Each structure stands twice: as C-alpha cells, then as structure tokens.
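In this text the structure is predicted, and so the values were computed from the model without any measurement.
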Amino acid sequence: MRSNEIKEGFSRAPHRSLLRATGVKDEDFEKPFIGVANSFIEIIPGHFFLNKVAEIIKEEIRANGCVPFEFNTIGVDDGIAMGHDGMLYSLPSREIIANSIETVMNAHKLDAMIAIPNCDKIVPGMIMGALRVDVPTVFVSGGPMEKGYTKDGTPIDLATAFEAVGKHEAGEMTDEELLDIECNACPSGGSCSGMFTANSMNTLMEAMGIALPGNGTILALTPERTALYKQAAKRICEIAKSDAAEREKYRMRNILNENAVRNAFAVDMAMGGSSNTVLHMLAIAKEAEVDFQLSDINAISKRVSHIAKISPSLSTVHMEDINKAGGVNAVMHEMMKRGDDILLDNLSVTGETLYEKVKDAKILDTNIIHTIDNAYSEVGGLAILYGNLAEQGAVIKTAGITGDRVFTGTAVCFNSQDECIEGILAGKVKAGNVVVIRYEGPRGGPGMQEMLSPTSLIMGMGLGASVALITDGRFSGATRGASIGHVSPEAAEGGLIGLLEDGDEIHIDVDKYILRANLSDEVIATRKANFTPLVKPLKSKWLRQYRALVTNASAGAVLEAE
C-alpha cells in the first residue's frame with residue numbers, strides 16, 4: 001500500500017507515534033488509509049451539511065475495514081459572490097482546491113480517496129487534484145436542491161430570483177412578488193436545483209465513471225442520498241482492499257481517460273449543461289493528459305441529440321424531475337439508440353463498463369427526458385463559435401437561446417461587468433444591440449467573472465430575444481439567452497474584442513459556428529496599431545499571482561508556470 005511509506009518499518013516509529021495521537025490503533029496500521037476530501041463550508045447551501053455527510057461516510061469506511069482521514073478544501077458560492085468583486089476569487093478558487101487535494105494526499109501518502117464536492121468550482125477543482133494524485137477515487141456529491149415554488153405554485157429556482165431583479169427594475173414586478181421569489185427560490189440545502197454549473201458537473205461525473213449512478217440527480221438531505229453516500233464509501237474500501245493489480249485498474253487516470261472526457265461532453269450536449277462545463281472539462285482533460293481541444297466539441301455536438309431540457313433553458317424541469325424520469329443512466333441509454341458519442345466499453349468505479357451500467361435503464365417519463373425520435377434538437381446543447389472575434393473560440397449554450405440563432409447587431413461596449421450593469425439600468429442597451437463586456441477574462445478580470453447579473457437584467461427587462469451578449473468572461477449555469485462567453489483571445493491579451501467600438505456591426509450564426517465583427521482588415525490593423533490593453537489595478541497578492549500565470553479560456557484557464 002502507498003501508505004506503507006508513512007507507517008512501515010522501525011524508521012517510521014515517529015510517524016506512527018503521531019498517527020496514534022489521532023486515534024489510530026495497532027490493528028489499523030494494516031488497513032488502507034482513505035482520504036476523505038470534504039468541501040464543508042457553512043456559507044454555501046450545497047455544503048453547509050457536508051460535515052454530517054462526512055461522518056456518515058467515515059463510519060461506513062471504518063465498518064468496511066479501512067481507516068478514514070477527513071480533510072477540507074475551501075469553497076466559493078458563485079451566487080453570493082455574484083455582482084461584486086468577490087466573483088474575482090471564484091475561478092481562482094478552483095486552483096487552490098486542486099492544489100490542496102494534491103498537497104494533503106501526497107504529503108501523507110494516503111492510499112485512496114473519497115471526495116465530497118457539490119457546487120461550482122469545487123467539483124472540477126477536486127477532480128483536477130485527484131488526477132494529479134492518481135490513486136483510486138470515488139466522488140459522491142452532496143446532491144441537488146429541491147426546486148422552489150411561488151405562492152401560486154409556479155416552480156422557481158435561483159435563476160428566477162436573478163431575473164426577478166430585472167423585472168422589478170423594469171416595473172413589471174412588485175416588492176411583494178420579489179420577496180415571494182427571494183424567500184422560496186432556494187428552499188433547502190443542496191446545489192441549485194437546475195442544470196446550472198454544479199449539477200452539470202455532478203451529472204458529468206456519472207458519465208466519466210468516477211461517481212455512482214444517481215450522483216447528479218438524487219436530492220440532497222434525503223434517505224436515498226444517504227444510501228448513496230454509504231454505497232460510495234463501501235465501494236472505495238472494496239477497491240482499496242483489493243490486490244495491487246485491481247487497485248492499479250482503478251487509479252484515477254485509468255478511469256478518467258480520453259474516452260471519459262468525450263463521454264462527459266456527449267452527455268453535456270444531450271442534457272444542455274452549463275457553458276462553464278467547457279472551461280472545466282478542458283482543464284480536467286489537461287490534468288488527465290488527454291489530447292482534447294476546444295475545436296473537438298462541435299464534432300461531438302453534431303453526433304448528439306439534445307433530449308433533456310432543464311431549467312434555466314426555457315424549462316420548469318429540475319434535477320429532481322430528471323431523477324424521477326430515470327436519471328442520467330436513462331439519458332445515456334437513450335443516446336445509445338442513435339449511436340451517439342458514448343464510448344460504452346469505458347470502465348467505471350462501479351466495476352462495470354458504461355454499457356453494463358446503463359443497458360437496463362429506462363426513461364420513466366418521456367415528457368421529462370425525450371426519446372431520440374422526439375429530441376429537442378438533433379445537435380447538442382452547446383456550440384463553439386469562431387471568427388475574427390474569436391480566433392481561438394467562444395462558447396454558447398444553444399439550449400438556452402431565446403431568440404434567433406442568426407443575429408446581426410450593433411455593439412455597445414463596456415470595459416467591466418459593473419459598467420455594463422450601470423449601462424443596462426441607464427437604458428443604454430436597446431433592441432438590436434450586441435452587448436460587449438470585456439476585460440473580464442481569466443487574465444483581464446482577473447478570474448473570469450460570471451455574467452448572471454447583466455444577462456438576468458436583459459431577460460428581466462424583456463430584451464432576451466432582441467439582444468445578444470458577448471464577453472471574454474463567462475456565464476453562470478443559470479444564464480439563458482443569446483449569451484456568448486469565453487471569447488479567446490481575451491481583451492487583456494490583445495484580442496479583437498478589446499478593439500471594438502460602439503456601433504460596430506457584429507454577426508452571429510450559431511448553426512454555422514460564426515462570431516465575427518464586420519470590420520475590414522485595414523480598420524482592424526489601424527486599431528491594433530494604437531491599442532494598449534487595459535490593466536486593472538489589483539491589491540490582492542493572490543489575484544496578481546493568478547493573473548501572471550493563467551491561460552485564456554480556450555486552454556481551460558489553467559495555471560502554467562513554465
């Protein structure tokens with residue numbers, strides 16, 4: 001066992017002495033040591049109860065003949081950090097989480113790991129760290145939140161609350177109606193109830209084979225979720241106690257390989273996941289040393305039908321509804337019928353291939369999960385656009401488009417999200433505009449702020465079908481509308497988005513994957529000759545370090561020190 005390095009032989013007497021101080025007994029030194037990576041934090045709805053979850057998991061690990069050692073990562077709630085400079089820390093937190101997983105697991109030579117994430121950047125951060133450590137790992141997230149209801153019984157969620165601000169600003173919603181939504185949009189613990197970033201990533205973990213069935217859809221704080229925690233703990237012990245060859249088979253990189261990355265993107269397309277999954281899956285692919293490029297995504301999309309439309313994509317369907325309709329396994333089973341991009345022989349931590357795991361799954365409600373014959377679209381719910389405005393690519397969640405898929409409009413430019421919000425509230429954005437928010441990329445922000453506040457204002461003010469938005473920042477999973485993010489190269493590195501001026505004509509064609517400024521080469525050359533990117537002043541030492549090392553969104557916004 002890997003942990004023998006800290007517990008075997010006479011020279012490790014001091015190490016064993018320290019371990020005894022934590023409660024390790026004589027009989028425990030022959031057992032596998034399991035890291036329990038917990039993301040418990042009291043300010044995040046999906047995490048405030050994870051301390052109790054860890055206790056359930058540790059008890060089950062002990063009962064199955066292993067020794068658990070719990071440790072914690074940090075977490076940022078994107079919804080609470082939204083709309084102010086706290087959001088600058090959200091994406092960078094992914095790197096801290098990955099580093100903390102690597103640090104604790106490798107410093108103490110633990111044999112295997114069970115990871116307990118749930119929300120936002122915490123899921124991909126833990127996956128990235130686990131790939132670096134490369135020991136057998138099972139993921140089990142805290143689970144999704146229940147959907148909320150207004151007093152009149154309308155299903156609502158966090159996206160409803162953000163869009164309500166825009167409706168209130170436009171005079172279309174009373175104070176009482178806004179308070180009703182505020183008090184009921186997030187009714188319980190769990191990751192926000194729609195197919196936002198957290199639930200998208202928790203769902204994709206099933207497709208990647210690193211989590212058990214139900215991980216993305218079984219509600220938090222339910223007996224069914226508790227049973228899943230126990231199953232995950234039992235499974236990691238089964239792997240950890242097996243022989244060396246079996247443990248080797250379940251190392252993280254052997255499970256999360258190129259096939260797993262492609263499966264994740266395919267399921268993402270079928271379920272219309274958050275555009276943030278593109279950013280995180282690119283980063284995960286790099287950690288897995290998988291050769292997967294942004295340009296590969298459109299090829300997958302063309303082979304995958306969009307069969308589950310989940311809030312916020314013009315739908316009142318939430319994760320609990322997907323669970324009742326058969327869950328992610330039912331989605332993958334239906335994808336098999338078309339021969340969609342599911343690589344069925346890939347191994348899962350369950351011990352089964354993907355085919356074996358999903359072969360008996362069934363759709364229990366075809367109004368919730370559609371059949372291939374009744375797909376929402378014959379292509380997937382995400383697309384990568386290219387053109388002079390996005391030479392290295394830009395991302396749009398096609399599943400959330402409310403207006404036309406071809407749009408030509410005039411630019412109205414803002415050099416920050418805050419400036420844009422002020423402009424929208426001041427009436428500067430009109431029908432026919434393309435809102436440009438720049439200097440919010442990984443380097444320019446820094447930290448690539450999410451744009452839920454401006455997109456929600458646009459939707460709430462009734463402009464969702466008549467206005468497009470492009471940014472070198474990113475969007476919350478709760479965003480909908482013609483919202484194009486991750487524009488690369490970003491303004492801070494000299495991308496054309498930084499050279500745009502008010503009134504410039506911008507052309508978008510989603511089905512032809514085009515994002516273009518209708519400017520001549522001569523005009524672009526003249527503007528470039530006189531252009532110096534804006535550099536925002538930063539007090540934070542961490543954010544200055546991050547800005548110096550981060551790559552752009554087309555590379556997953558990972559840190560590169562070389």
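- Using modelled atom types and a 3.5 Å distance limit, the side chains of Gln449 and Gln417 yield a donor-acceptor pair.
- Rounding to the nearest 0.5 Å places CG of Leu282 at 9.5 Å from OG1 of Thr551.
- Using a 4.0 Å cut-off between charged side-chain N and carboxylate O, Glu450 and Lys121 make a salt bridge.
- Residues satisfying the side chain to side chain donor-acceptor pair (under 3.5 Å) test with Thr103, not counting sequence neighbours, are none.
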Side-chain donor-acceptor pairs of residues 180-187 under 3.5 Å, sequence neighbours excluded:
| unit_1 | atom_1 | unit_2 | atom_2 | d |
| --- | --- | --- | --- | --- |
| Asp180 | OD1 | Asn184 | ND2 | 2.8 |
| Asp180 | OD2 | Lys151 | N | 3.1 |
| Asn184 | ND2 | Asp180 | O | 2.8 |

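- A heavy-atom distance below 4.5 Å is found between the side chains of Met332 and Val267.
- Taking the salt bridge (charged side-chain N to carboxylate O under 4.0 Å, His left out) definition, one finds that Glu206 meets it with nothing, sequence neighbours left out.
- To the nearest 0.5 Å, atoms CD1 (Ile114) and CZ (Phe139) are separated by 10.0 Å.
- Counting only heavy atoms from C-beta outward, the side chains of Met195 and Met319 approach each other to under 4.5 Å.
- One distance of note links CG of Asp321 with CD1 of Ile368; it measures 5.0 Å at 0.5 Å rounding.
- In terms of the side chain to side chain donor-acceptor pair (under 3.5 Å) criterion, residue partners of Glu60 (sequence neighbours excluded) are, by chain and number, Asn64.
- At a threshold of 4.5 Å between non-hydrogen side-chain atoms, the residues Phe162 and Met82 count as touching.
- Between Met448 and Val550 there is no side-chain heavy-atom pair separated by less than 4.5 Å.
- Checking Asp152 against Thr154 by side-chain atom types alone, a donor-acceptor pair falls below 3.5 Å.
- Asp85 is linked by a salt bridge (charged side-chain N to carboxylate O under 4.0 Å, His left out) to nothing, counting only residues two or more places apart in sequence or in another chain.
- Under the 4.5 Å side-chain criterion, counting only non-hydrogen atoms from C-beta, Ile56 is in contact with Lys230.
- With a 4.5 Å cut-off on side-chain heavy atoms, Glu440 and Cys420 do not count as touching.
- The number of heavy-atom neighbours closer than 6.0 Å to NE2 of His168, taken from other residues, nucleotides and ligands shown, is above 12.
- By the salt bridge (charged side-chain N to carboxylate O under 4.0 Å, His left out) test, Arg2 pairs with no residue at all, sequence neighbours left out.
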For a salt bridge (Lys or Arg N to Asp or Glu O under 4.0 Å) check, start with the C-alpha distance between Glu419 and Arg438, then their side-chain angles and the critical distance, and finish with the verdict. CA-CA 10 Å; Glu419 187 179 305; Arg438 56 199 178 193; over 6 Å; no
Carefully, step by step, assess Val331 and Thr203 under the rule side chain to side chain contact (heavy atoms under 4.5 Å, CB included). CA-CA 11 Å; Val331 172; Thr203 294; over 6 Å; no
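- At distances below 3.5 Å, at least one donor-acceptor pair connects side-chain atoms of Ser191 with backbone N or O atoms of Gly143.
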Please walk me through it: do Ser200 and Asn276 pass side chain to side chain contact (heavy atoms under 4.5 Å, CB included)? CA-CA 9 Å; Ser200 296; Asn276 278 326; over 6 Å; no
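- For Glu59, there are no side chain to side chain donor-acceptor pair (under 3.5 Å) partners, not counting sequence neighbours.
- Listed for the Asn202 side chain is a donor-acceptor partner under 3.5 Å among the backbone atoms of Asn118.
- Within the 4.5 Å cutoff, the side chain of Pro454 has no heavy atoms near those of the Val435 side chain.
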Derivation of the side chain to side chain contact (heavy atoms under 4.5 Å, CB included) call for Ile34 and Leu110: CA-CA 6 Å; Ile34 310 294; Leu110 302 178; over 6 Å; no
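- Every residue meeting the ring-ring contact (aromatic ring centres under 6.0 Å, His included) condition with Tyr546, not counting sequence neighbours, appears here in chain and number order: Trp542.
- In this structure, a donor-acceptor pair under 3.5 Å is present between the side chains of Ser3 and Asp111.
- Under the side-chain contact (heavy atoms from CB on, under 4.5 Å) criterion, Ala264 pairs with Leu204, Met208, Met281, not counting sequence neighbours.
- Atom CZ of Phe33 is separated from atom CG of Leu19 by 5.5 Å, given to the nearest 0.5 angstrom.
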Hey, can you pull the donor-acceptor pairs under 3.5 Å for the side chains in residues 123-136, sequence neighbours left out?
| unit_1 | atom_1 | unit_2 | atom_2 | d |
| --- | --- | --- | --- | --- |
| Arg132 | NE | Glu287 | OE1 | 3.4 |
| Arg132 | NE | Glu287 | OE2 | 3.2 |
| Arg132 | NH1 | Asn99 | OD1 | 2.7 |
| Arg132 | NH1 | Glu102 | OE1 | 2.9 |
| Arg132 | NH2 | Glu287 | OE2 | 3.1 |
| Asp134 | OD1 | Met252 | N | 3.3 |
| Asp134 | OD1 | Arg253 | N | 2.8 |
| Asp134 | OD2 | Arg251 | NE | 2.9 |
| Asp134 | OD2 | Arg251 | NH2 | 2.2 |

Go through the steps for Ile96 and Tyr89 under the test side chain to side chain contact (heavy atoms under 4.5 Å, CB included), then give the verdict. CA-CA 10 Å; Ile96 296 174; Tyr89 292 90; over 6 Å; no
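- Side-chain atoms of Arg94 never come within 3.5 Å of backbone atoms of Ala283 as a donor-acceptor pair (strictly under, hydrogens ignored).
- The environment of Lys109 atom NZ is dense: over 12 non-hydrogen atoms of other residues, nucleotides or ligands sit within 6.0 angstrom.
- Of the residues listed (Asn199, Asp268, Asp120, Thr197), the one engaging Ser274 in a side-chain hydrogen bond (donor to acceptor under 3.5 Å, both in side chains) is Thr197, and it is the only one.
- At most 12 heavy atoms of other shown residues, nucleotides or ligands fall within 6.0 angstrom of atom CD1 in Ile43.
- Scanning for salt bridge (charged side-chain N to carboxylate O under 4.0 Å, His left out) contacts around Glu55 gives Lys58, with sequence neighbours left out.
- Side-chain contact check for Arg225 and Ser141: at least one donor-acceptor pair (N or O, by modelled atom type) lies under 3.5 Å.
- With rounding to the nearest 0.5 angstrom, the CD atom of Glu163 is 12.0 Å from the CD1 atom of Ile156.
- In this structure a side-chain-to-backbone donor-acceptor pair under 3.5 Å is missing from Gln231 to Leu212.
- Atom CZ of Phe265 is separated from atom CD1 of Ile297 by 4.0 Å, given to the nearest 0.5 angstrom.
- With hydrogens and angles left out, the side-chain atoms of Asn552 and His486 include no donor and acceptor closer than 3.5 Å.
- Atom NZ of Lys234 has 12 or fewer heavy atoms from other residues, nucleotides or ligands within 6.0 Å.
- The side chain to side chain donor-acceptor pair (under 3.5 Å) test applied to Asp472 returns no partner, not counting sequence neighbours.
- In this structure the side chain of Val535 reaches within 4.5 angstrom of the side chain of Arg547, judged on heavy atoms.
- Under the 3.5 Å distance criterion, the side-chain polar atoms of Glu493 are matched with a main-chain donor or acceptor of Glu490.
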